[in-house]
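Contents: one structure, followed by commentary.
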Amino acid sequence: MKQPTIEIPTLTKKCNESLILAILYKEKKHGYQLALEIEEKSEGLFKFNHGTLYPILHKLEKEGLIKGSWKNEGPKRKRKYYSITEKGRKYVRSQYDGWQAFFTQFFEILGEVK
Amino acid sequence: MRRFAQLLIRINEKLDLPQPQKSKILLEIAADMDELFNIYLKRGESEADAMVKIEEKFSMDDETINELIALHDSGFRKFLDRLSMQAQTRWERLVLLVSFLMISFACMRAATTTDFLSTASKFIYPIMAIGSISGVLAIRKFYHLYLKKEHELRTLRKGLIPFLVLAGLSLFTAIFGYFVELALTEDKFLWYGQYLFFTITPRVFDVYGGIIYFIQWMMKTSAMIITGIFVAIVSAMFWHIFQNKVSKIEVAETSILLKN
């Protein structure tokens, strides 16, 4: 089976997308919760600027990988939350192998400096 | 959310998108800011520190803003962005000129061939010209508001007042035309009136002629007045429709920043 490739120019974007889809895999979340959870789970290694999150979320929504829904929470209070779609689940599962291959090769090359 | 008004205003100014996409994005960001602020407070941070963190976390650089615009912009706006400003202006002027010629041609044709209008006073022509101008301005405003989606606050209300002016002008022309026609035929009415009043046995032919003349005059002026009122109503309707649209856009632009 052909492994999905991770291209270097889009590395950061692909990384962010995969992290977001992975966090949404189990349950739906609001935008700010995604950034917080990624930071907490990575023990501060992955720091997200919340502002940069929105183009990524909206792009994933446009591609049908996640679904955004509005919820009324009290008078004059509406909040948007995101949930992963079936297409998104398949996509992120397929990305897992790609990332595994990427880091294997990455450390193989980097290992030469040791 | 009012505490984040300044940050939202900065994002709002840079986010060149039409409504309602812009409002939805700002609403989402504002709601997340609010929730994150409350989380920081629960963690024991002061309001001032929490505000500073929110400012840092939610600041958007030009690249992020441009990505959002690219994602949400309509196909038509993207097509227009590819044309230079000069090319856009040339095309817009050409479309307006063609629209004006087509509407004017249709009005002239109706004025000269339709029974109702061909018997009308000559003042029907300026009224129809006013109607043509109103139609062309409506096409132009529709293009800017609905197709090009230029929702910049400072230019939103541009071009609305002319519709009311044209409506008033149409009514004025119709009323003015009525009095001019009356003045032109005043002598003849007086003559007929005097003749029929003072003649002991007026000839049936003369009575009949007088009545026919009066009816023709009524048709002439009423066709003109009805057309004048119609053009005024249509022009006022254009104003009303665009005024509503503009008001909705203005409310959407400002409400998100003032919500609490």
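What you see is a predicted model; the values in this text were computed from it and never measured. Quick note: numbers below take in every heavy atom, side chains included, and nothing from hydrogens, waters or symmetry partners. Here is the naming used below: chain letters follow the sequence lines, and residue numbers restart at 1 for every chain.
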Going by the angle between their ring planes, with limits at 30° and 60°, are B:F4 and B:F37 parallel, tilted or perpendicular? perpendicular
Within-4.5 Å side-chain heavy-atom neighbours: B:D32 and A:H50: no
Check step by step if side chain to side chain donor-acceptor pair (under 3.5 Å) holds for B:D61 and B:T64. CA-CA 5 Å; B:D61 58 13; B:T64 308; 2.5 Å; yes
Using 30° and 60° as the class boundaries, would you call the ring planes of A:Y81 and A:H30 parallel, tilted or perpendicular? perpendicular
Could you give me the CA-CA distance, side-chain angles and deciding distance for A:K59 and A:K62, then say whether side chain to side chain contact (heavy atoms under 4.5 Å, CB included) is met? CA-CA 5 Å; A:K59 180 174 172 280; A:K62 206 171 177 180; 5.6 Å; no
Which atom pair, heavy atoms only, marks the closest approach of B:S247 to B:R157? OG-NH2, 3.7 Å
Could you tell me which residues in residues 45-57 of chain B have at least one non-hydrogen atom under 4.5 Å from a non-hydrogen atom of chain A, sorted by residue number? B:E56, B:K57
Under the side chain to side chain contact (heavy atoms under 4.5 Å, CB included) criterion, do A:N16 and A:T52 qualify, and how do the steps go? CA-CA 10 Å; A:N16 293 337; A:T52 58; 6.0 Å; no
Which residues satisfy the side chain to side chain contact (heavy atoms under 4.5 Å, CB included) test with B:L101, sequence neighbours excluded? B:L97
When only heavy atoms count and the cut-off is under 4.5 Å, which of residues 158-167 of chain B reach chain A? none
Any side-chain donor-acceptor pair under 3.5 Å between B:E28 and A:H58? yes
Side chains of B:K245 and B:F142 in contact at under 4.5 Å (non-hydrogen atoms): no
Spatial distance of atom OG (A:S18) from atom NZ (A:K13) [nearest 0.5 Å]: 13.5 Å
Ring-plane angle category for A:F103 and A:F106, please: parallel below 30°, perpendicular beyond 60°, tilted otherwise. perpendicular
Side chain from CB out, backbone as N, CA, C, O: work out which of these in B:I39 comes under 4.5 Å of a heavy atom of chain A, or both, or neither. side chain
Tell me whether B:D34 is salt-bridged to B:R3, with the criterion being a basic N under 4.0 Å from an acidic carboxylate O. yes
Which residues in residues 36-46 of chain A have any heavy atom closer than 4.5 Å to a heavy atom of chain B? A:L36, A:E39, A:E40
